[in-house]
Structure formats: structure tokens, C-alpha cells
Amino acid sequence: MAHILIAEDEEAVSSFVSRALQLRGHTTEVAADGGAAADALSKDHFDLLLTDIVMPVMDGISLALKASATYPDMPILMMTGFAHEKQRAHNLEALIHDVISKPFSLDEICDAVDNVLGHAPPDQSALRA
């Protein structure tokens with residue numbers, strides 16, 4: 001299964017998501033803000049970055065830009081409770097796979113993660129044909 005970095009500043013959300021993904025067999029690491037997530041990315045290999053958009057230190061958009069520049073093959077999934085932030089993220093379609101709206105159910109977030117992990121990064125699918 002996958003090793004997933006969860007960047008989320010709300011402890012209740014990060015705990016919920018982490019437990020849900022662990023129940024599906026994934027291992028997780030939680031970072032409480034974008035800066036801590038960037039630090040974690042530099043120290044360990046992750047199969048997926050699951051990040052909130054609105055966070056302190058470094059927001060999820062900046063984190064996604066930094067992560068995709070350094071780790072272009074790592075898929076990125078974003079989550080947000082703010083409609084205008086979701087639109088901002090969709091302007092980065094080449095870098096991220098999807099944006100999940102909060103609140104979400106356990107099945108919705110796990111299915112979104114499984115969907116992302118089941119597909120190649122957008123720019124690599126043509127290379128396999």
C-alpha cells in the first residue's frame with residue numbers, strides 16, 4: 001500500500017483522514033502546516049501528498065508547487081472547505097489530480113485517494129501507450 005503525507009492544520013480532520021487511510025492499509029504521516037509538510041517531504045519518500053489548501057506557514061497551493069517541482073512523479077490531492085480556494089486549485093490542473101470538498105465522508109476521501117493511486121501521473125500516461 002501507499003505511504004501518504006497528510007498536510008492539514010485541523011487536528012480533527014488530519015486524525016480522521018489518517019485513521020481512515022490506515023484502515024485501508026496505507027501508512028500515513030501528518031504535518032500540521034505547509035512548512036512542516038515541506039520538511040517531511042525532504043526527509044522521506046511519499047507515494048501521495050494529500051494537502052489542505054488553507055494552512056499556516058505555507059498554504060497548500062504553494063506546497064503543491066514546491067512538491068511538484070521537486071517530486072514531479074508524486075501525485076497530489078487537495079482538500080478544502082472554501083469554494084473560492086477550490087477554484088484557485090483547479091487553475092493548477094497539470095499539477096494536482098483532484099480537489100475534495102470538505103466536509104467529506106470516510107468513503108469519499110478513501111475512494112479519492114485510491115483513485116489517484118490507481119492512475120499514473122497525468123503527464124506519464126502517454127508514455128506507457
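The closest side-chain heavy-atom distance from Met55 to Leu63 is below 4.5 Å. In this structure, Ile109 and Leu50 have side chains that are in contact, with non-hydrogen atoms separated by less than 4.5 Å. Contact check for Leu21 versus Cys110: side-chain heavy atoms found under the 4.5 Å cut-off. Annotation: side chain of Leu77 is not in contact with side chain of Leu49 (no heavy-atom distance under 4.5 Å).
Under the 3.5 Å distance criterion, with hydrogens and angles disregarded, no donor-acceptor pair is assigned to the side chains of Glu10 and Ser14. With 3.5 Å as the limit, one finds a donor-acceptor pair spanning the side chains of Asp44 and His3.
Hydrophobic clustering (side-chain heavy atoms under 4.5 Å, transitive across Ile, Leu, Val, Met, Phe, Trp, Tyr) keeps Ile61 apart from Val57. By the rule that hydrophobic residues join a cluster once side-chain heavy atoms approach within less than 4.5 Å of another member, Ile6 and Leu106 end up as members of one cluster.
Ion pairing between a basic and an acidic side chain is recognised when a charged N comes within 4.0 Å of a carboxylate O; Lys102 and Glu8 show such pairing.
Shortest non-hydrogen contact noted between Pro75 and Val116 is CB-CG1, 3.4 Å. Closest non-hydrogen pair, Arg24 versus Met1, comes out as O-CE, 3.4 Å. The two residues Ile4 and Leu117 have their closest heavy-atom pair at CD1-CD1, 4.5 Å. Residues Ala36 and Asp33 come closest through the heavy atom pair N-OD1, 2.7 Å. Among all heavy-atom pairs drawn from Ala67 and Met74, the shortest one is CB-CE, 3.9 Å. Contact detail for Leu41 and Tyr71: the closest heavy-atom pair is O-OH, 2.8 Å.
In this structure, the separation between CE on Met78 and OG on Ser101 is 12.5 Å, given to the nearest 0.5 Å. Of the inter-residue distances, the one linking Ile53 atom CD1 with Asp59 atom CG reads 8.5 Å to the nearest 0.5 angstrom. Taking CG of Asp73 as the reference point, atom CG of Asp47 lies at 11.5 Å (rounded to 0.5 Å). Interatomic distance, CE of Met79 versus CZ of Phe104, reported as 5.5 Å (0.5 Å rounding). Distance check: Thr28 OG1 to Leu5 CG gives 9.5 Å after rounding to the nearest 0.5 Å.
Between the side chain of Ser68 and the backbone N or O of Ala64 there is at least one donor-acceptor pair closer than 3.5 Å. Looking at Ser15, its side chain never comes within 3.5 Å of a backbone N or O of Ala12 through a donor-acceptor pair. Judged by distance alone, with hydrogens and angles left aside, the side-chain atoms of Glu108 form a donor-acceptor pair with the main-chain N or O of Ser105 at under 3.5 Å.
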